[in-house]
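Every value quoted in this text rests on a predicted model; they were computed, and no experiment measured them.
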Amino acid sequence: MIVDLSTRLDCAASTAIEHVTTSRLLEYVAKPLVTFVPKQPSQLPTIWHDGTYWVELRLFGLIPCGKQAIVISHPQQHPFTLRDNGHSRMIKRWDHTIEVAVEGTSTRYRDHVVVEAGWLTPIIWLFAQVFYRHRQRRWRRLAAKRFRYE
């Protein structure tokens, strides 16, 4: 099943790209719904580089939801694309592609996610719908605050 959402950010595309490549942004936009506890390596990188990062997911920072692989790649430059081809024991495919592109005087940000989790797929897809809407709200708020993380 697919989640495909986009939003307009009130910032330059270069600024959005600068932030989307950081683990700090991921942690900010996911809170408080999901927190990530790094497992291997023991710390998330400041800047995402191609590779696999294992994390423990916690719902609302409290409820353990298992380990997830965040598998980062940068498939294309224009529009800027960051891909997390993640997976876990429960979720066979969590293929999340982020696109950042100039749109007039602002930026178009897009989350495209393919979810495959066997019989759990509809439930995971529903969670992903809520989660990515939440992330995009947090993105818009952060861009409006000129990226002052608080």
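- The backbone N or O of Gln68 lies less than 3.5 Å from no partner atom in the side chain of Ser88, so there is not a single donor-acceptor pair.
- Using a 4.5 Å cut-off between side-chain heavy atoms of Ile, Leu, Val, Met, Phe, Trp and Tyr, with links allowed through other members, Val55 and Leu82 fall into the same hydrophobic cluster.
- Val3 has its side chain out of reach of Val114: every pair of non-hydrogen atoms, C-beta onward, lies at least 4.5 Å apart.
- With rounding to the nearest 0.5 Å, the separation of OG1 in Thr107 from CH2 in Trp139 is 8.5 Å.
- No single ILVMFWY cluster, assembled from side-chain heavy atoms under 4.5 Å apart, contains both Ile47 and Val29.
- Between Leu5 and Arg133 there is a side-chain heavy-atom pair separated by less than 4.5 Å.
- Rounding to the nearest 0.5 Å gives a distance of 4.5 Å between CZ of Phe80 and NE2 of His74.
- Side-chain contact between Arg140 and Asp10 is absent, with no heavy atoms from C-beta onward closer than 4.5 Å.
- Across Ala128 and Trp94, no two heavy atoms sit closer than the pair CB-CH2, 3.7 Å.
- The two atoms that bring Ser73 and Asp50 nearest to each other are CA-OD1, 3.3 Å, heavy atoms only.
- Residues Arg138 and Arg135 have side chains not in contact (no heavy-atom distance under 4.5 Å, counting atoms from C-beta outward).
- Put simply, the side chain of Val71 does not reach to within 4.5 Å of the side chain of Tyr53, judged on heavy atoms.
- Panel note: side chain Thr121, backbone Ala117; a donor-acceptor pair is recorded below 3.5 Å.
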Under 3.5 Å, side-chain donor or acceptor atoms of residues 33-42 against the rest of the protein: list the pairs with distances, not counting sequence neighbours.
none

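- You'll find the side chain of Thr46 stays beyond 4.5 Å of the side chain of Arg24, heavy atoms only.
- Heavy-atom minimum distance, Val20 versus Leu25: CA-CD2, 3.9 Å.
- Relative orientation of the Phe127 and Phe131 rings is parallel, given thresholds of 30° and 60° on the angle between their planes.
- Between Trp48 and His19, the distance separating the two ring centers is not shorter than 6.0 angstrom.
- Checked by atom type, the side-chain pair Tyr132/His112 shows no donor-acceptor distance below 3.5 Å.
- The cationic group of Arg8 does not satisfy the cation-pi geometry with Tyr109, failing either the under 6.0 Å distance to the six-membered ring centre or the 45° limit from the ring axis.
- For the side-chain hydrogen bond (donor to acceptor under 3.5 Å, both in side chains) test, residues two or more places apart in sequence or in another chain that qualify with Gln76 are Thr81.
- Taken to the nearest 0.5 Å, the NE2 atom of His87 stands 7.5 Å off from the CG atom of Asn85.
- Within the model, atoms CZ of Arg148 and CZ of Arg146 stand 8.5 Å from one another, a figure rounded to the nearest 0.5 Å.
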_Quick one, Glu99 with Arg108, criterion salt bridge (charged side-chain N to carboxylate O under 4.0 Å, His left out). Give me CA distance, side-chain angles, the key distance, then yes/no._
CA-CA 8 Å; Glu99 289 182 359; Arg108 175 62 48 192; over 6 Å; no
*Under the side chain to side chain contact (heavy atoms under 4.5 Å, CB included) rule, what do Ile91 and Glu116 come out as? Steps first, then yes or no, please.*
CA-CA 6 Å; Ile91 302 171; Glu116 293 176 12; over 6 Å; no
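- Between the side chain of His134 and the backbone N or O of Lys31 there is at least one donor-acceptor pair closer than 3.5 Å.
- For the pair Thr97 and Asp95, the minimum side-chain heavy-atom distance is below 4.5 Å.
- Looking only at side-chain heavy atoms (C-beta outward), Asp111 and Ile98 come within less than 4.5 Å of each other.
- Note that OG1 of Thr22 is 9.5 Å distant from CZ of Phe147, once rounded to the nearest 0.5 Å.
- The two atoms that bring Ala13 and Ala101 nearest to each other are CB-C, 4.2 Å, heavy atoms only.
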*For Thr7 and Leu9, run side chain to side chain contact (heavy atoms under 4.5 Å, CB included): C-alpha distance rounded to whole Å, both residues' side-chain angles, the deciding distance at 0.1 Å, then the answer.*
CA-CA 6 Å; Thr7 192; Leu9 300 176; 4.1 Å; yes
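- Trp54 and Leu44 sit in two unconnected hydrophobic clusters of ILVMFWY residues. Membership requires side-chain heavy atoms under 4.5 Å apart, directly or through other members.
- Pro64 and Arg58 get closest at one heavy-atom pair: CA-CG, 4.3 Å.
- Judged by distance alone, the side chain of Trp125 and the main-chain N or O of Ile2 form a donor-acceptor pair under 3.5 Å.
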*Output, in order, the C-alpha distance, side-chain angles, deciding distance and verdict of side chain to side chain contact (heavy atoms under 4.5 Å, CB included) for Leu120 and Met90.*
CA-CA 8 Å; Leu120 289 172; Met90 181 174 43; 3.4 Å; yes
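- One finds the CG atom of Leu126 at 9.5 Å from the CD1 atom of Ile124 (value rounded to the nearest 0.5 Å).
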